[in-house]
Amino acid sequence: MTRTLVVAGHGMIGHRFADRLRALDTARDWRIVILAEEPHPAYDRLALSTYLGGRSRDDLTLAGRDFLADPRVELRLATPVARADRTVRVVVTQGGDRIRYDALVLATGSRPFVPPVPGRDLTHCFVYRTFEDLDAIRRVARPGGQGLVVGGGLLGLEAAYALSRLGVRPHVVETAPHLMPAQLDPGAAEVLHRRADELGLRLHCGTGVAHVHAGPDGAVRAATLGDGTTLDVDLVVFAAGIRPRDELAKPLDLARGERGGFLVDALCRTADPRVWAIGECAAVLGRCHGLAAPGYAMADSVAAQLTGRDAQPFDRTDDATTLKLLGVHVATFGATVHPGDPRPVEVTFADGIARYAKVFLRPDTGTVLGGILARDTGSTSPLRSLVGRPPPADLERLLLP
Ligand SMILES: Cc1cc2nc3c(=O)[nH]c(=O)nc-3n(C[C@H](O)[C@H](O)[C@H](O)COP(=O)(O)OP(=O)(O)OC[C@H]3O[C@@H](n4cnc5c(N)ncnc54)[C@H](O)[C@@H]3O)c2cc1C
């Protein structure tokens, strides 16, 4: 172990990266020092809601015994990086420890965005990202009570479903006209809306939260929406998006993307050849990605680079996602956002309002660009191979099997 790698952040992507590096570093060149802000090793954030359903912190941990026992790995919990000096290649922890690095990988993730509405700091206003957030919600959730979830994207729906399982009736407010506006078109969202109704979620789309009100005890009592509706709720969960945690850009004197995040190229390299950024904190070619799969691709690429292997540049054209929300499989594959001209040809298949699929075709060649699906069952993996080809004769059966 002749070189020291420092990883800032032990979330899902920092862990994937360290684990991948361990596997690829057959020459055992690297000593890996992971500086983690949270007091526990990385856990499966995707499955965080199952923690409210009874799974333990240990069940969700990603760091197995072999990882923790590896003499090459030094995991320092509750030890955030506070600053760094690139000229002497040293990071400094909040406690004042100084660690010299040969390579530094920033994997600091995101923080929840809380819109600046009056009352957002009241007792019983929460966010939804860590074990501690969920513990706090569980302590307050009162069966038979009502809660408001701000945001109808992936996170908001997770939070609303979790509240309903705690016996709290969730209202969901979303400023866009339909749920999951970043991934779905109105047709696909309709399938989700129907399922949300069945589960007792009360949707308020096309408006936002305007004010959170306190009761005499200073805790949340009600919330007023932009359309004037007032809801009697005793807790509010903000799930209105995330912002990259790029606080270290300033002390490290590294550039940020236009919307935040450490600015990196397609190989996740900052302007400093010894510093990389991966996961949600990385603005790859200027854009941050808020899902796990792109982060894994970044982690694998940097692990390959640090072990002298061919590395895949990050491909930002394919934002494929597969999610299971409220029991509905929602998937996108290939390119689903098409700014500018020529507009793609859209072909829609719907099966009542239980299943929905749309594909985008190139107007000149007729080949598949990508697609959106909302349906209850079936694997979506064969669909990615459609991209770049003419649609097969049995396209409808493939999309809605
Ligand atoms: C409830 C929930 C459900 C989700 N479901 C899905 C899903 O179905 N599919 C999907 O693709 N994605 C999902 N996501 C998103 C996914 O979890 C994230 O994309 C992924 O966790 C990002 O990993 P990361 O390592 O970049 O960030 P994180 O997992 O946030 O890890 C970053 C870590 O860095 C630490 N840190 C920050 N600053 C410092 C510092 N200065 N020093 C040291 N440590 C620091 C943080 O405390 C944190 O532990 C979900 C997220 C949530 C919250």
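For ligands, and for the atoms within them, numbers begin at 1 and follow the listed sequence.
In this structure, the protein non-hydrogen atom closest to atom 45 (C) of ligand 1 is Glu37 CB, 3.5 Å. In this structure, atom 11 (O) of ligand 1 lies nearest to the protein heavy atom Ala292 N, 2.9 Å. Here the heavy atom of the protein found nearest to atom 43 (C) of ligand 1 is Leu35 O, 3.2 Å. Protein heavy atom in closest approach to atom 30 (O) of ligand 1: Arg129 NH2, 2.6 Å. If you check which protein heavy atom lies closest to atom 23 (O) of ligand 1, you get Ile13 CG1, 3.3 Å. Considering only non-hydrogen protein atoms, atom 29 (O) of ligand 1 sits nearest to Arg45 NE, 2.8 Å. Given atom 8 (O) of ligand 1, the protein heavy atom at minimum distance is Leu323 CD2, 3.4 Å. The protein heavy atom nearest to atom 27 (O) of ligand 1 is Gly109 CA, 3.2 Å.
Of the possible polar contacts, one joining the Ser56 side chain to the Asp59 backbone as a donor-acceptor pair under 3.5 Å is found. Of the possible donor and acceptor atoms, one in the side chain of Asp185 sits under 3.5 Å from a partner among the backbone N and O of Ala188.
At a heavy-atom cutoff of 4.0 Å, ligand 1 is contacted by the backbone of Ala107 but not by its side chain. By the criterion of a heavy-atom distance under 4.0 Å, the side chain of Arg245, and not its backbone, is placed next to ligand 1. Neither the backbone nor the side chain of Ile278 has a heavy atom within less than 4.0 Å of ligand 1.
Minimum interatomic distance between Phe262 and Ala249 (heavy atoms only, all atoms of both residues): CE2-N, 3.4 Å. Taking every heavy atom of both residues into account, Gly9 and Ile34 meet most closely at O-CG2, 4.1 Å.
Inclusion of Glu280 in the set of residues having an N or O under 3.5 Å from an N or O of ligand 1 is warranted. In terms of polar-atom proximity, Glu158 is not counted as a contact of ligand 1, lacking any N or O under 3.5 Å from an N or O of the ligand. Between Tyr128 and ligand 1, no N or O atom pair is found at a separation short of 3.5 Å. Checked by distance only, ligand 1 and Gly279 stay at 3.5 Å or farther apart across all their nitrogen or oxygen atoms.
Applying the 4.0 Å criterion to heavy atoms of Gly290 picks out, from ligand 1, the atoms 15 (C), 19 (O). Of all the atoms in ligand 1, the ones that sit under 4.0 Å from a non-hydrogen atom of Leu155 are 1 (C), 2 (C), 51 (C), 52 (C), 53 (C). Of all atoms in ligand 1, numbered sequentially from 1 with element shown, those under 4.0 Å from a heavy atom of Glu38 are 47 (O), 48 (C), 49 (O). Numbered from 1 in the order shown, with element, the atoms of ligand 1 that lie under 4.0 Å from a heavy atom of Pro80 read 42 (N), 43 (C).
In this structure, the ring of Tyr296 has its center no less than 6.0 angstrom from the ring center of His289. Aromatic ring centroids of Tyr43 and Phe131 lie under 6.0 Å apart. Ring to ring, Phe67 and His15 are close: their centroids are under 6.0 angstrom apart.
Rounded to the nearest 0.5 angstrom, Leu157 CG and Arg195 CZ are separated by 12.0 Å. Of the inter-residue distances, the one linking Arg169 atom CZ with Gln146 atom CD reads 6.5 Å to the nearest 0.5 angstrom.
Side chains of Thr229 and Asp227: a donor on one and an acceptor on the other come within 3.5 Å. There is a side-chain donor-acceptor pair under 3.5 Å between Tyr128 and Ser49. Donor-acceptor pairing under 3.5 Å is recorded for the side chains of Arg57 and Tyr51.
Relative to the ring axis of Trp30, Arg3 places its NZ or CZ within 45° and under 6.0 Å from the centre.
Nearest-residue assignment for atom 4 (C) of ligand 1 (options Val127, Thr50, Leu46, Val81; heavy-atom criterion): Leu46. Atom 10 (C) of ligand 1 has its nearest heavy-atom neighbour, among Thr79, Leu291, Leu106, Thr108, in Leu291.
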